[in-house]
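Note that ligands are numbered from 1 as they come in the structure, with each ligand's atoms numbered from 1 the same way.
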Amino acid sequence: MRKLDTKTIVVASHNGGKIREIAELIGPFGFSARSAAELQFEEPEETGTTFEQNAAIKALASAKASGLPALSDDSGLMVDALGGAPGVYTANWAEREDGSRDFQMAMEKVENALQEKHLTRADQRTARFVSVLCLAWPDGHTELFRGEVEGTVVWPPRGEKGFGYDPIFKPNGYDTTFGEMSSDEKHGWSRGEPEALSHRARAFKRFVETCLEA
Ligand code: IMP
């Protein structure tokens, strides 16, 4: 396991919601972080079939382009009754023909797929969010960290605070969706969750334990 010995990293993402959350998560550790979007790096094609492969593709592209360690996130929503879909294709489900992304449409696709199977009870709509963070160095070394959070898909969408599919995901043990939570609540910081709450915050905790703590 390689430790991170620089305080400057690149956040290997072009997704505004993820960049904001990763900035919040690394903020307390005193990093100066610039995103691949800010640095105008080209977005690499996500040709992998696993979260791990796609996270590594993104982190390595930014590490090589910048000469600095780069942290990426590949994530998605896995709905049990849909065989784990949309999974690694979660972002693709939001793509319109003109290349723009529409998450209202993407959430409707998930709901329609559940409705087609007549799945309306909460226990039939179990799902998890998965995040794999990859820290890559310019020499090609990578470290991977996975975080997951279990919950259910709700309809209609609730809350405007998050991004992506947040309004239809209610984590187990909570009455609110991620879309109704403040950032601190979604990270699991507001009630001191020992394991953090969101998939991203859980993966980030593993990154801290492995690459930052002595
Ligand atoms: P990718 O990792 O860039 O391939 O895309 C991940 C997809 O999952 C995006 O469409 C996100 O909107 C969605 N996603 C990942 N994490 C979250 C989250 O924390 N909340 C809501 N949607 C998420």
Side-chain angles (χ1 to χ4, degrees), residues 11-25 35-37 41-62 70-79 82 84-96 99-111 127-134 136 144-155 157-172 174 176-189 193 196-205:
V11 176
S13 180
H14 289 74
N15 176 321
K18 285 188 193 176
I19 293 169
R20 177 174 52 75
E21 288 195 0
I22 294 172
E24 288 164 3
L25 291 165
S35 72
F41 291 163
E42 223 175 278
E43 249 185 297
E45 217 186 312
E46 295 181 27
T47 51
T49 52
T50 64
F51 295 112
E52 281 77 6
Q53 286 168 353
N54 285 335
I57 288 170
K58 290 186 272 194
L60 284 167
S62 280
L71 184 65
S72 69
D73 163 289
D74 198 66
S75 43
L77 179 67
M78 302 185 76
V79 182
L82 305 181
V88 288
Y89 305 106
T90 301
N92 305 45
W93 279 35
E95 257 165 40
R96 287 201 168 280
S100 63
R101 290 203 170 134
D102 179 344
F103 284 97
Q104 179 62 35
M105 176 189 82
M107 291 188 288
E108 277 166 18
K109 278 189 196 167
V110 172
E111 178 59 18
R128 70 193 51 73
F129 261 129
V130 177
S131 161
V132 172
L133 296 177
C134 178
L144 291 158
F145 313 95
R146 191 181 179 106
E148 301 190 3
V149 57
E150 305 283 332
T152 51
V153 172
V154 300
W155 198 261
R158 291 174 3 211
E160 315 256 297
K161 293 189 184 155
F163 69 98
Y165 295 70
D166 277 340
I168 59 166
F169 185 82
K170 189 178 77 59
N172 289 348
Y174 291 77
T176 48
T177 66
F178 272 172
E180 295 172 302
M181 293 186 182
S182 67
S183 284
D184 278 0
E185 285 170 317
K186 182 177 167 186
H187 297 325
W189 291 350
E193 292 268 339
L197 176 59
S198 78
H199 48 316
R200 190 161 295 105
R202 288 180 176 175
F204 188 80
K205 189 163 182 274

Query raised in the report: Is the Phe129 ring parallel, tilted or perpendicular to the Phe178 ring (thresholds 30°, 60°)?
Result: parallel
Write none if no such pair exists; otherwise list each N/O atom of ligand 1 with its protein N/O partner under 3.5 Å and the distance.
unit_1   : atom_1 : unit_2 : atom_2 : d
ligand 1 : 2 (O)  : Lys18  : NZ     : 2.7
ligand 1 : 2 (O)  : Lys58  : NZ     : 3.4
ligand 1 : 2 (O)  : Asp74  : OD1    : 3.1
ligand 1 : 2 (O)  : Ser75  : N      : 2.9
ligand 1 : 2 (O)  : Ser75  : O      : 3.4
ligand 1 : 3 (O)  : Lys18  : NZ     : 3.0
ligand 1 : 4 (O)  : Glu46  : OE1    : 3.0
ligand 1 : 4 (O)  : Asp74  : OD1    : 3.3
ligand 1 : 16 (N) : Ser75  : OG     : 3.4
ligand 1 : 16 (N) : His199 : NE2    : 3.2
ligand 1 : 16 (N) : Arg200 : NH2    : 2.8
ligand 1 : 19 (O) : Lys186 : NZ     : 2.7
ligand 1 : 19 (O) : His199 : NE2    : 3.1
ligand 1 : 19 (O) : Arg200 : NH1    : 3.1
ligand 1 : 20 (N) : Asp166 : OD1    : 2.6
ligand 1 : 20 (N) : Lys186 : NZ     : 3.4
ligand 1 : 22 (N) : Tyr165 : N      : 3.1

Requested in this report: Starting at OG1 of Thr152, measure out to CD1 of Ile168 and round the result to the nearest 0.5 Å.
Outcome: 10.0 Å
Query raised in the report: Is atom CD of Glu42 surrounded by more than 12 heavy atoms (other residues, nucleotides or ligands) closer than 6.0 Å?
Result: no
Report task. To the nearest 0.5 angstrom, please state how far the NZ atom of Lys58 sits from the CG atom of Asp73. Result -> 6.5 Å
Report task. Check whether the ring centres of Phe204 and Phe145 lie less than 6.0 Å apart, and answer yes or no. Result -> no
Query raised in the report: Is there any side-chain hydrogen bond (donor to acceptor under 3.5 Å, both in side chains) pair reaching into residues 86-95, and which pairs are they, with sequence neighbours excluded?
Result: Glu95-Arg101
